[in-house]
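In what follows, chains are A, B, ... by sequence order, proteins preceding strands, each numbered from 1.
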Amino acid sequence: MGFFTRRSHAKVEFEPAGVKESLIEMKDLSEQIIDLSYAAIIFDSKDIAEEVNGLEERLDELLYSIRINLMMAARNRDDAEKLSGILQVASAAEQIGDASRDMIRLLDEDVEFRPFAPFFLKEADEKIWALKVMEGSDIVNRSIGTLSIESETGARIIAIRRGTRWLYDIESDNRIKEGDTLIVRGVEDGLNELSAYAKGVASWGEYRR
Amino acid sequence: MGRVPEVGDPMTEVMRLFLEMKDTSELMVDLAYSSLLYNNKDIAAEVEHLGDQVDEMSGRLKALSVETMSAKSIDATLMLLRMDSFVNAIADSAMSICDVVLRDIEPHPVLKESIVESDVGIFKVEVGPRSILVCKALKDVRLATETGMWAIAIKRGATWIYGPESDQEIKEGDVIFMKGPPDSMKKMRKLANGKLRKL
């Protein structure tokens, strides 16, 4: 069966979290899951694929909770019309999750992926690269928030591989460690800059500006 | 195994097409959220237009992959078709979001709030006369690298430039729609209004 275990039909616990919080999470997750799906294919990684499956399940749960909340909130036709728009946007995010899960099933099959990877790496508008953080790099032991990596380089960290572990939910207080492999998305010159800092060839310095 | 296809190889053409579909589908999602945030029907209509383009490319991609690749590798063809469905689903999802805007009902405020408060925000800035961005191409100011902000559309007077290329020049009065980390918005505003004079 591999890592794609059948989804259970266990009852999803009802979460009284606000619709807005659920929507924010769904928007973030639906964007993250696209990047991770491509990353799973590019790096032929079952670990990343497994995370995609996890996120897809979370999207399902969130949609369920939003649906229940909205149905309880509608009092008349006007309400229902406005609220149905929310449901439509939430469903759209969940649809991306389903499609991601379907695509990464590719990794469960014995298919040659390799010829595709170079094209993603070289030609897409925004590229997905893996950067290794080397000894001597001054971004080591500093938090992603302090470094403000995305604002400074345009490169967005979508996952970190640390030893055999993977971190996917990257928060600004996560610190970068020596030996980390950063899976990043961005434009080429920003990725090149970040790559130089990660290798320790360029110094980030105390304040970059 | 592991061979990088050469230019002129049908596989190259198929993958170029795929990448264009991929980039378009992601632009559609960004534009869809922008149309929702600003309740803007022009942007929503463009998303539908891009959706037609994705459909058209998807048709060509399917034909090409079956015609030219199946003989070489059935695996690769199946994989491309699977990836094609993925991109189509993303494009459909963007169209579905725009549907809310095109329905003539003011979107529920919670939708706008959720976009504003998410990790990757959507913003617009107007480029003032004193801005150093004026008369520079996006690639010259390296906007994405310097600020983390990615331009998704430019409104110039009554015309729109969707998914601007890197050699697109910025003009005074342009309204740039962008996505990026909320913490770089302040810098972007200063660059646009001319208070920040260097990158």
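Contacts of A:S100 with chain B are made by both backbone and side-chain atoms, with heavy-atom separations under 4.5 Å. With a 4.5 Å cut-off on non-hydrogen atoms, B:L36 touches chain A through its side chain but not through its backbone. With a threshold of 4.5 angstrom between heavy atoms, A:E31 approaches chain B through side-chain atoms but not through N, CA, C or O. Proximity to chain B is limited to the backbone of A:D102, based on heavy atoms less than 4.5 angstrom apart. If you measure heavy-atom distances from A:S91 to chain B, you find no contacts under 4.5 Å at all. Looking at A:L191, neither its backbone nor its side chain comes within 4.5 Å of chain B, counting heavy atoms on both sides. Of the atoms belonging to B:D23, it is side-chain heavy atoms, and not backbone ones, that fall under 4.5 Å from chain A.
Listed by sequence position, B:I90, B:D92, B:S93, B:S96, B:I97 are the residues of residues 90-98 of chain B in contact with chain A, using a 4.5 angstrom heavy-atom cutoff.
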Let me see the working for B:I176 and B:I170 under side chain to side chain contact (heavy atoms under 4.5 Å, CB included), right down to the final yes or no. CA-CA 9 Å; B:I176 311 178; B:I170 303 167; 4.2 Å; yes
Assess whether salt bridge (Lys or Arg N to Asp or Glu O under 4.0 Å) is satisfied between A:R161 and A:E51, documenting all intermediate values. CA-CA 13 Å; A:R161 180 170 195 156; A:E51 175 66 11; over 6 Å; no
Stepwise side chain to side chain donor-acceptor pair (under 3.5 Å) check, B:N40 with B:S35: CA-CA 5 Å; B:N40 184 312; B:S35 78; over 6 Å; no
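Within the cation-pi definition used here (under 6.0 Å to the ring centroid, within 45° of the axis), B:K179 does not qualify as a partner of B:Y33. With B:Y38 as the aromatic partner, B:K124 meets the cation-pi criteria of under 6.0 angstrom to the ring centre and within 45 degrees of the ring axis. Stacking of B:K155 on the aromatic ring of B:F177 is not recorded, the 6.0 Å distance cut-off and the 45° axial limit not both being met.
Taking chain B as the reference chain and counting heavy-atom pairs below 4.5 Å, the highest number among A:E25, A:K82, A:Q88, A:Q32 is found for A:Q88. For the set A:K27, A:Q95, A:R156, the count of heavy-atom pairs under 4.5 angstrom toward chain B peaks at A:K27. The most heavy-atom pairs under 4.5 Å with chain B, out of A:I149, A:L83, A:I86, come from A:I86. Ranked by heavy-atom pairs under 4.5 Å with chain B, the first of A:M103, A:M26, A:E81, A:E94 is A:M103. With chain A as partner, the option from B:R142, B:E20, B:M185 having the largest number of non-hydrogen pairs under 4.5 angstrom is B:R142.
No salt bridge links B:E165 with B:K139; every basic N to acidic carboxylate O contact stays at or beyond 4.0 Å. Salt-bridge check for A:K20 with B:E117: passed, with a basic side-chain N closer than 4.0 Å to an acidic carboxylate O. The pair A:R58-A:E61 meets the salt-bridge criterion, since a charged nitrogen lies less than 4.0 angstrom from a carboxylate oxygen. Taking a cutoff of 4.0 Å between a charged side-chain nitrogen and a carboxylate oxygen, B:D140 and B:K136 do not qualify as a salt bridge. A salt bridge links A:D98 with A:R101: at least one charged nitrogen is closer than 4.0 Å to a carboxylate oxygen.
Screening residues 97-111 of chain B for salt bridge (Lys or Arg N to Asp or Glu O under 4.0 Å), with sequence neighbours left out, gives B:K41-B:D104, B:D99-B:R103, B:E106-B:K112.
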